[in-house]
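Below you'll find the structure, written out as structure tokens, and then a few comments.
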Amino acid sequence: MDRYDAATIEEKWQRVWEDERAFHVPNLPGAARHFYQLEMLPYPSGTLHMGHVLNYTMGDVITHFRRRNGSTVLRPMGWDSFGLPAENAAIREGGHPREIVETNIEAIRIQIKRLGWAIDWEREVGAHNPDFYRWTQWLFLKFFERGLAYRKAAPVNWCPNDQTVVANEYVIDGRCERCGAQVESRNLEQWFFKITAYADELLRYDLPPGGEWPERTMAIQRNWIGRSEGAEILFRVDELDLDIPVFTTRPDTLYGATFFVLAPEHPLVERIGGDDVLAYARQTAAKRGEERAAEDEKTGVFTGQYATNPVNGERLPIWVADYVLMDYGTGAIMAVPAHDERDRQFAETFELPIVEVVTEEGELVNSGPFDGRPANEAKAAIVEMLREQGLGAAAVSYRLRDWSFSRQRYWGCPIPIIHCEGCGLVPVPEEQLPVVLPEVEDYRPKGVPPLASNLEWLNVACPSCGGPAKREADTMDTFVDSSWYFLRYVDPHNDDAPFDREAVDYWLPVDQYIGGIDHATGHLLYSRFFVKVMNELGLLGFREPFARLFHQGWVQMGGTKMSKSKGNVLGPDDLVADHGADAVRLYILFIGPADQDMEWTDTGIEGISRFVRRLWRVVGEVAGAPADEAAGPLTRKAHATIAKVTDDVGRRFSFNTALSAVMELLNELARDPAAPGARFAAETAVSLIQPYAPHVAEELWQALGHERLWEQPWPVVDQAMLESETFELVIQVNGKVRDRFEVSAELGEDELVARAKASPKVQAQLDGKQIRQAIVVPGKLVNLVVG
RNA sequence: GCCGGGGUGGCGAAACUGGUCAGACGCAGCCGACUUAAAAUCGGCUGCCCCGCAAGGGGCAUGAGGGUUCGAGUCCCUCCCCCGGCACCA
């Protein structure tokens, strides 16, 4: 055979697959078994790096594996092309975001095709295309009708660099996830999705049979949602004829409340406090949350007013203090310094009384009729007592906030709303969709929405009264686009609806989703929320978008995560040119377990290149020899490898060990390429490596006299070949291996023990001692217990 | 502090339900073959310590310490360290 030439082989087969539309599937194929394989779509803000290569190669292996195991596989690709990453890239490079994005898409498409991934290109979608965002707008209107998209003034995160609001989910350690600038808190009127209404729903995972999410992802979402059970209790301020509600998780400590605290932002501060209190509250409220938390000493002022403890009538002084937050619970607390660390600190600073009400044994004291009762039991009893008096009730509080999704930026999906002075917020009529993103003179961020600068676009007649009105000029967060893109893939050219329900119910939930864990509290939560709402709208028949989820690890270089700022971002282009796409694909999956961070090394890929050339040479040699049908040890090894690879790829997602197994098979074949069973071993190695290295596999398959490996059924294990007539019996004495030898698989337990005892090495160990017990593990070992 | 995930050779890692002297496969390293030479390729060695000229033999090793078991990297308890999420959240 000729020398191995990756570029020629790879180009040849890529052309065949493209000409044949090899990986295209119909919307409703009517196949008995089908599989939706999806990886998170890329932002076209640059080109692909090795993290993408890992992600999509993994998806590719699963795609080929499932196809060859008899499933019709949907495996699409698209572009998360709206939003800040693309827009910022455009600002950096100069030019219109659309041009930059489309140039990048073209470059990425070339990279993808060069890597030979099995994608149905007829389903390509891009968030910035009007025929996609028309339906993003349509979905927004459905949410709006249901009150699930609404406007309110609220403290939101403002990124001073990107000049826009940023969602809580994408503020990391107080910084904008996109640009790293410290975000500010601003009270602005913004659009929100009412994701909090689904907090409990989102804590449940209604996965279909076989569905599974990583524990750590569910834990992150759980922490983010932050559900706590407790009670809401009313505290009366007689002098002002007020009842102030308080949320607590510890109603059992109610008798230990010695003071009462309002958050500085609490609306009642104005009514309760004097000028000095108001001044303190204003000053404190102006500080950012983190700044406030970072201060060691708690600060506060007494208002001069008292609230009544509903269980014992005690008058509790009302304070305003920085450690109570307005945006959790009710913004007011009962302070129990004996049983709350923060309240204790505050009480010590301001010399307020501390009353213990729960003993170390967990029994109530100083608690009137509840003395002596276990705390967890008293919790319910006290809430019940308050409920009867109309002074409290069981309540649940969440950490999750509504999703703010309006952005004061250009490059996003326009929000199809018209502001009319008379009619208020008027939806753009469905038949007028899409509201096309208008051209503007200058799209750079200035803190006011750039769309507002195009007056011709902005000023419209109100669809309701016909009077003068203005369009909404904010655009949508790009995470709105990615909350439903996986549904559009199923029916991407539909002009009458976002998708056909039958097609969506056929393919979804996505069988296998692959992407970074960094989206655990963002995209992955938003998508679940969207699907639940769409289910209630009757648009689809399931409650969870993704049945199985897998997070790839980070590809690192020099011990650190690749990032643009560190200048260690490695792309596939040079590597593909030097080693071929197959070698790059093989190596990225061979470095280590795919869900673990991995260190890229140049010597590593050279090792894999050696393996590919060795495969080429050895299989070529076998292909050149006359075919033999004889079976031998190689046949047995080949079947063992089929079993191992099938399990590793299909069940365990252990791509590195599956590849090791094929290497072992090749090593054994290389030792004697003329041995009985060599041809079967060669065919098996090629067939099993095909999902990883489809080009060289296809070429070798042809050399072996066959055709169209990508359509061939996955190899089947002959169980009989795995069973052996003999096995190596291990003999242990007190758990330590002392001897081993081949024995017949037919032998009974007594006979195995007898052979063990007869071993001279065992005899030497016995040294006259008694054999007290013999443990036999059939087919494996005998352990003699002596003493 | 609470919640989750981890800790195995020089390196990336195997060992899947407790059972084959723990370390497959690969990288790096060392020795050798082929070659005028190099590359490529092929063969061998490669956890640590001790005894032995050698063949071989013995002991110790999976973050630390206990425990369960005939047998523990794997199960249980305590602790240490690393990574991630939440955090004045009442």
Side-chain angles (χ1 to χ4, degrees), chain A residues 3 172 214-228 230 246-250 253 257 261 263 289-290 292-296 298 321-325 327-336 339-343 345-346 397-399 517-518 520-521 551 587 590-593 595-608 610-611 613-614 617 644 647-648 651-652 654 656-667 670-671 727-740 764 772-787:
Chain A
R3 240 182 113 256
I172 313 293
E215 178 52 41
R216 58 183 177 143
T217 315
M218 294 192 291
I220 290 170
Q221 295 197 340
R222 227 168 23 239
N223 286 340
W224 184 257
I225 294 166
R227 182 182 205 273
S228 351
V246 149
F247 176 77
T248 178
T249 55
R250 296 292 307 275
T253 64
V261 190
E290 306 206 356
R292 243 160 86 175
E295 283 166 12
D296 299 335
K298 299 192 186 330
D322 60 349
Y323 79 97
V324 175
L325 309 174
D327 60 4
Y328 185 77
T330 64
I333 63 154
M334 63 176 211
V336 185
H339 304 287
D340 182 282
E341 191 50 39
R342 297 147 304 176
D343 294 345
Q345 260 187 50
F346 192 81
S397 193
Y398 301 90
R399 197 197 151 279
I517 197 168
D518 45 329
T521 60
H551 300 297
Y587 181 56
F590 184 66
I591 305 178
D595 58 352
Q596 209 167 288
D597 291 355
M598 55 198 80
E599 175 74 17
W600 179 276
T601 63
D602 291 336
T603 51
I605 192 165
E606 277 159 26
I608 286 289
R610 265 200 287 282
F611 164 73
R613 289 197 300 270
R614 193 168 143 91
R617 203 175 51 244
K644 168 83 175 151
D647 190 48
D648 279 357
R651 180 179 66 89
R652 297 178 64 212
S654 183
N656 55 326
T657 54
L659 189 43
S660 296
V662 178
M663 286 174 173
E664 278 187 62
L665 176 61
L666 181 66
N667 288 347
R671 241 165 264 148
F727 70 93
E728 192 181 34
L729 179 68
V730 169
I731 298 155
Q732 299 179 330
V733 176
N734 285 343
K736 296 218 171 199
V737 176
R738 296 301 176 183
D739 201 4
R740 51 177 58 214
R772 294 219 296 236
Q773 199 188 346
I775 311 274
V776 180
V777 182
K780 286 185 176 164
L781 59 79
V782 171
N783 185 14
L784 300 172
V785 186
V786 304

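In the text below, chain A, chain B and the rest are named by the order of the sequence lines, each starting its count at 1.
- For the P atoms, the distance from B:rG73 to B:rC16 is 12 Å, rounded to whole Å.
- When each of A:Asp648 and A:Trp224 is assigned the nucleotide of RNA chain B bearing its nearest heavy atom, the one mapping closer to the 5' terminus is A:Asp648.
- Atom CG in A:Asp322 sits about 14 Å away from atom C1' in B:rA90, given to the nearest Å.
- Taking atom P in both B:rG85 and B:rG43, one finds a spacing of 47 Å when rounded to whole Å.
- At least one side-chain heavy atom of A:Gln732 sits under 4.5 Å from a side-chain heavy atom of A:Val737.
- In this structure the side chain of A:Arg216 reaches within 4.5 angstrom of the side chain of A:Ile517, judged on heavy atoms.
- Spacing between B:rA24 and B:rG47 at atom C1', rounded to whole Å, works out to 15 Å.
- When distances are taken from the side chain of A:Asp340 to each of B:rA13, B:rA90, B:rC88, the shortest belongs to B:rA90.
- Residue A:Thr521 places none of its side-chain N or O atoms closer than 4.0 Å to OP1 or OP2 of B:rG85.
- Nucleotide B:rC79 is matched to B:rG63 when pairs are restricted to Watson-Crick or G-U wobble geometry with both distances under 3.5 angstrom.
- Here B:rA13 presents its C1' atom at 14 Å from CG of A:Asp597, a figure rounded to the nearest Å.
- Under the Watson-Crick and G-U wobble criteria, each requiring two contacts below 3.5 Å, nucleotide B:rU36 is left unpaired.
- Look at B:rG43: its Watson-Crick or wobble partner, with both distances under 3.5 angstrom, is B:rC31.
- If you check the side chains of A:Ser660 and A:Thr657, you find no donor sitting under 3.5 Å from an acceptor.
- Using modelled atom types, one finds a donor on one side chain and an acceptor on the other under 3.5 Å when comparing A:Asn667 with A:Arg614.
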Close N/O contacts between protein and nucleotides 66-72 of chain B (under 3.5 Å):
residue	atom	partner	partner atom	Å
B:rC70	O2'	A:Asn783	ND2	3.3
B:rC70	O2	A:Asn783	ND2	2.5

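- By the 4.5 Å heavy-atom criterion applied to side chains, A:Phe346 and A:Asp340 are not counted as neighbours.
- The partner of B:rC2 is B:rG85, by the rule that a Watson-Crick or G-U pair needs both atom distances under 3.5 Å.
- Between the NZ atom of A:Lys780 and the P atom of B:rG18 there is a distance of 11 Å, rounded to whole Å.
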Polar pairs (N or O, both sides) under 3.5 Å between protein and nucleotides 39-44 of chain B?
residue	atom	partner	partner atom	Å
B:rU41	O3'	A:Arg617	NH2	3.0
B:rC42	OP1	A:Arg614	NH1	2.5
B:rC42	OP1	A:Arg617	NH2	3.0

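- Nucleotide B:rC53 forms no Watson-Crick or G-U wobble pair with any nucleotide shown, as no partner meets the under 3.5 Å limit on both distances.
- For the segment residues 598-607 of chain A, residues with any heavy atom less than 4.0 angstrom from an atom of RNA chain B are, sorted by number, A:Thr603, A:Gly607.
- In this structure, A:Tyr328 and A:Tyr398 have side chains that are not in contact, with every pair of non-hydrogen atoms separated by 4.5 Å or more.
- Atoms CZ (A:Arg738) and C1' (B:rG19) sit 16 Å apart, rounded to a whole Å.
- Between the CD atom of A:Gln596 and the P atom of B:rC11 there is a distance of 15 Å, given to the nearest Å.
- The side chain of A:Asp647 lies closest to B:rC16 when the candidates are B:rC16, B:rG26, B:rG85.
- Residue A:Phe727 is out of contact with every strand shown, counting any heavy-atom pair closer than 4.0 Å.
- Put simply, CD1 on A:Ile608 is 15 Å from P on B:rA13, counting in whole angstrom units.
- Comparing atom distances between the A:Glu664 side chain and each of B:rA13, B:rA90, B:rA24 picks out B:rA24 as nearest.
- A:Ser228 comes within contact range of the sugar-phosphate backbone alone, with a heavy-atom separation under 4.0 Å but no base atom that close.
- Within 4.0 Å (heavy atoms only), A:Asp343 reaches no atom of the nucleic acid at all.
- A:Ile517 has its CD1 atom 9 Å from the P atom of B:rG85, to the nearest Å.
- Across B:rC88, B:rC21, B:rG19, the shortest atom-to-atom separation from the side chain of A:Val737 is found for B:rC21.
- The listed nucleotides are B:rG59, B:rA14, B:rC88; the one nearest the side chain of A:Lys298 is B:rC88.
- The base-pairing partner of B:rG12, taking Watson-Crick or G-U wobble contacts with both distances under 3.5 Å, is B:rC25.
- The shortest distance between the side-chain N/O atoms of A:Lys736 and the OP1/OP2 oxygens of B:rC60 is below 4.0 Å.
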Between N or O atoms, less than 3.5 Å apart, protein on one side and nucleotides 1-4 of chain B on the other: list the pairs.
residue	atom	partner	partner atom	Å
B:rC3	O2	A:Asn223	ND2	3.4

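- For A:Leu325, whose side chain is taken as the heavy atoms from C-beta onward, the closest listed nucleotide among B:rC86, B:rA90, B:rA13 is B:rA90.
- Side-chain contact between A:Arg738 and A:Val733 is present, with heavy atoms from C-beta onward closer than 4.5 Å.
- In a base pair of the Watson-Crick type (N1 to N3 plus N6-O4 or O6-N4) or a G-U wobble (N1-O2 and O6-N3), with each distance short of 3.5 Å, B:rA72 is matched with no nucleotide.
- Comparing the same atom, P, in B:rG4 and in B:rC79 gives a spacing of 16 Å after rounding to whole Å.
- Checked against side chain to side chain contact (heavy atoms under 4.5 Å, CB included), A:Ile172 has the following partners two or more places apart in sequence or in another chain: A:Glu177.
- Residues A:Ala774 and A:Leu784 approach most closely at CB-CD2, 3.8 Å, considering heavy atoms.
- Shortest non-hydrogen contact noted between A:Ala520 and A:Thr217 is CB-CG2, 4.0 Å.
- Comparing the P positions of B:rC80 and B:rG26 gives an interatomic distance of 41 Å, to the nearest angstrom.
- Rounded to whole Å, the C1' atom of B:rA39 lies 41 Å from the corresponding atom of B:rG56.
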Could you go through nucleotides 29-32 of chain B and list every protein N or O atom that sits under 3.5 Å from one of its N or O atoms, giving the distance for each pair?
none

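- Straight-line distance between the C1' atoms of B:rG9 and B:rA13: roughly 10 Å, to the nearest whole Å.
- B:rG32 takes the anti form, because its glycosidic angle lies more than 90° either side of 0.
- Using a 4.5 Å heavy-atom cutoff, the side chains of A:Thr248 and A:Ile333 are not in contact.
- Side-chain contact between A:Tyr323 and A:Val261: present, with at least one pair of heavy atoms (C-beta onward) separated by less than 4.5 Å.
- Remark: the separation of the P atoms in B:rA15 and B:rG19 is 12 Å, to the nearest Å.
- Counting only heavy atoms from C-beta outward, the side chains of A:Asn656 and A:Ile591 never approach each other to under 4.5 Å.
- Taking atom CG of A:Asp739 as the reference point, atom C1' of B:rC21 lies 11 Å away to the nearest angstrom.
- At the heavy-atom level, A:Ile333 lies under 4.0 Å from base atoms of the strands shown.
- At the heavy-atom level, A:Val336 lies nowhere under 4.0 Å from the strands shown.
- As the counterpart of B:rU20, no nucleotide is assigned, since no Watson-Crick or G-U wobble pattern has both distances under 3.5 Å.
- Residue A:Val730 is classed as a base contact, given a heavy-atom separation below 4.0 Å to a base.
- Counting non-hydrogen atoms under 4.0 angstrom, A:Pro593 reaches the backbone sugars and phosphates but no base.
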